[in-house]
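Basis for what follows: all heavy atoms, side chains included, without hydrogens, waters or symmetry-related copies. This chain uses plain numbering: 1 for the first residue, then up along the sequence.
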Amino acid sequence: MANRPVQKETSSQPHFLQFNNLACETAGGKVIFATDEWFAPARNLLKRDPPEFIPSAFTEYGKWMDGWETRRKRIPGHDWCIIQLGVPGIIHGFDVDTSFFTGNYAPYASIQAACLDQMPSFTLEGDRIGMAASPSQFEAVAQLNSESWKELVPMTKLKPVYSESCHNYLNVTYPHRVTHIRLNMYPDGGIARLKVYGIGKKDWSTVSSQDLVDLVALVNGGVCVGFSDAHYGHPRNMIGLGRADNMGDGWETARRLDRPKVLKVDEKGILQVPGFEWAIFRLGHPGIISKIEVDTNHFKGNFPDSCKIEGCSLTPDEENILIRNQWRSDKTPKWRILFPPQKLKAHHRHLFSGDSVVQCGPVTHVRLVIAPDGGVSRFRVWGRAVSNNMTRLQQISKL
């Protein structure tokens with residue numbers, strides 16, 4: 001089958017946007033402290049959906065805003081909040097989004113981080129509009145010593161709040177696991193969304209070699225490292241928690257323009273088309289795969305006709321080269337079939353195991369290939385984790 005060139009990222013789109021949002025509310029992220037939430041509560045920072053603006057919406061405290069907005073500060077200090085990541089992991093970058101906060105956005109921000117052995121027991125619940133932290137809450141949060149946490153992003157001036165500049169992308173180089181972050185705004189104002197892009201980091205020493213684990217799951221360290229098209233939804237959505245809420249919570253491509261004018265099928269009922277779309281994932285841990293799920297939940301008139309799944313073993317250096325070349329290289333991965341082409345159904349949870357999954361040894365990466373195009377809401381790859389030594393032996397055998 002013919003493939004299609006990968007869409008190039010614009011210079012304004014850093015590579016870390018391909019990673020998972022570890023703080024999103026759908027991943028379990030939550031705000032556990034905020035100094036002030038007068039106009040809009042801090043929990044809005046973690047919403048999955050893009051911010052919106054309703055000109056006529058007001059509350060008894062002022063203008064309704066879809067983000068976190070504090071009152072105009074008239075006392076010493078600055079505003080800040082603490083966020084517990086839904087998925088602890090390695091952070092590669094942030095998006096501080098100030099959408100719609102035109103005359104009231106925070107002029108400056110900084111971000112700190114920590115890895116806490118024990119999760120704090122306190123949290124913010126209920127309607128927080130018009131509220132500020134109480135003395136007892138300040139006393140409780142002081143035990144975390146958050147003012148001394150590692151600074152990942154120094155005090156940074158935020159850009160004007162317009163469509164071309166509202167996303168403040170901030171790169172991070174910090175190779176340690178993070179469970180909590182502290183977002184500081186100076187001195188007050190509003191921020192619409194905070195996205196924390198990174199890769200989940202699981203303690204694999206607690207996992208038995210006999211346990212069947214979803215090796216590609218967000219919570220287990222799986223991450224999307226390449227894709228052909230993401231017109232309506234990014235492939236990273238497929239490895240999120242639970243089942244998808246709607247089509248927007250999955251991967252969906254545009255319709256391929258090279259599909260035949262008149263469609264035909266083979267003896268298995270699979271469409272005969274020249275092109276396909278693909279998404280590549282690095283597993284949270286190398287493993288031997290024995291069970292696969294492809295869920296087209298919500299995709300009723302736009303599900304793929306068929307799919308196949310491939311695996312390969314790559315070193316970090318090999319992966320980096322392929323990513324830089326957008327998975328186009330003279331030395332492309334030697335993909336091995338894990339699951340041969342299979343007809344798919346609309347709005348259906350497909351589970352494959354046993355003889356339908358090809359035993360091809362340990363893999364570090366998997367590629368989901370759909371034809372000709374369409375949407376998949378969830379992708380699960382269950383297998384048993386294997387030692388890195390076993391994977392290296394397999395890579396040596398390929399030479």
Side-chain angles (χ1 to χ4, degrees), residues 18-21 24-28 48-49 86-87 200 211-256 268-271 276-284 287 289-311 337-358 363 365-384:
Q18 195 159 297
F19 295 152
N20 309 307
N21 180 5
C24 185
E25 61 180 3
T26 58
R48 181 189 65 194
D49 296 332
V87 180
D211 291 344
L212 203 61
V213 181
D214 182 2
L215 298 173
V216 80
L218 158 66
V219 295
N220 292 328
V223 63
C224 178
V225 292
F227 60 91
S228 59
D229 181 84
H231 191 83
Y232 294 109
H234 199 286
R236 65 168 170 258
N237 295 336
M238 292 188 291
I239 61 175
L241 279 66
R243 298 193 76 190
D245 293 332
N246 50 49
M247 288 195 303
D249 189 20
W251 173 41
E252 184 180 1
T253 73
R255 300 191 193 208
R256 290 189 64 95
K268 296 181 179 179
I270 296 176
L271 287 180
F276 57 87
E277 305 293 355
W278 52 267
I280 297 172
F281 297 87
R282 182 204 311 146
L283 303 182
I289 295 166
S290 58
K291 182 179 176 183
I292 293 169
E293 175 183 337
V294 178
D295 190 355
T296 58
N297 190 28
H298 304 297
F299 290 99
K300 301 175 182 179
N302 50 353
F303 62 99
D305 176 71
S306 64
C307 80
K308 69 176 180 178
I309 300 163
E310 301 164 318
I337 289 293
L338 280 168
F339 183 72
Q342 172 73 39
K343 188 84 171 177
L344 297 178
K345 300 177 183 178
H347 190 54
H348 183 76
R349 190 177 187 182
H350 306 79
L351 294 171
F352 307 105
S353 60
D355 293 340
S356 60
V357 178
V358 179
V363 297
H365 293 67
V366 294
R367 179 167 74 162
L368 171 62
V369 180
I370 60 174
D373 48 46
V376 175
S377 62
R378 289 293 184 267
F379 179 47
R380 309 295 189 197
V381 176
W382 285 282
R384 291 177 173 82

Indicate every side-chain donor-acceptor pair of residues 212-223 with a distance under 3.5 Å to a residue at least two apart or in another chain.
{"unit_1": "Asp214", "atom_1": "OD1", "unit_2": "Val216", "atom_2": "N", "d": "3.4"}
{"unit_1": "Asp214", "atom_1": "OD1", "unit_2": "Val381", "atom_2": "N", "d": "3.1"}
{"unit_1": "Asn220", "atom_1": "OD1", "unit_2": "Lys202", "atom_2": "NZ", "d": "3.4"}
{"unit_1": "Asn220", "atom_1": "ND2", "unit_2": "Asp214", "atom_2": "O", "d": "2.9"}

*Trp251 pairs by side-chain contact (heavy atoms from CB on, under 4.5 Å) with which of Asp229, Leu368, Ile239, Asn237?*
Leu368
*How far does CZ of Arg367 sit from NZ of Lys308, to the nearest 0.5 angstrom?*
6.5 Å
_Tell me the closest heavy-atom pair linking His350 and Lys345, and the distance in Å._
NE2-N, 2.8 Å
*Ile370 side, atom CD1; Ser228 side, atom OG - distance, nearest 0.5 Å*: 7.0 Å
*Is the closest side-chain donor-acceptor distance between His347 and Asn297 under 3.5 Å?*
yes
*Take Arg378 and Glu293, measure what salt bridge (charged side-chain N to carboxylate O under 4.0 Å, His left out) needs, and give me the verdict at the end.*
CA-CA 8 Å; Arg378 289 293 184 267; Glu293 175 183 337; over 6 Å; no
*Test item: Asp305 and Pro372 side chains (from C-beta on) under 4.5 Å apart, heavy atoms*: yes
_Contact summary for Val87 and Gly200, nearest pair of heavy atoms_ = CG1-CA, 3.8 Å
*To the nearest 0.5 Å, how far apart are CZ in Arg48 and CD in Glu25?*
7.5 Å
*Any idea which heavy atoms bring Arg256 and Asp373 closest together, and the distance?*
N-OD2, 2.8 Å
_NE2-CD distance between His298 and Glu252, expressed to the nearest 0.5 angstrom_ = 12.5 Å
*asked:* For Asn246, I'd like to know if atom CG has over 12 heavy atoms of other residues, nucleotides or ligands within 6.0 Å.
replied: yes
*Can you tell me how far OG1 of Thr296 sits from CZ of Phe379, rounded to the nearest 0.5 angstrom?*
14.0 Å
*asked:* If you apply the rule side chain to side chain contact (heavy atoms under 4.5 Å, CB included), what do you find for Val294 with Ile309, and how did you get there?
replied: CA-CA 10 Å; Val294 178; Ile309 300 163; 4.1 Å; yes
*Is the NZ atom of Lys343 crowded by more than 12 outside heavy atoms at less than 6.0 Å?*
yes
_A side-chain contact here means heavy atoms from C-beta on lying under 4.5 Å apart; do Ser377 and Asp295 qualify?_
yes
*Pro235 and Ala279: which non-hydrogen atoms are nearest, and at how many Å?*
CB-CB, 3.7 Å
_Glu310 side chain near Trp278 side chain, heavy-atom distance below 4.5 Å_ = no
*From Phe19 atom CZ to His234 atom NE2, the distance as rounded to the nearest 0.5 Å*: 10.0 Å
*Closest contact, heavy atoms only, Tyr232 versus Ala254*: CE1-CA, 4.1 Å
*Grab the two heavy atoms, one from Leu344 and one from Pro304, that are nearest each other, plus how far apart they are.*
CB-O, 3.6 Å
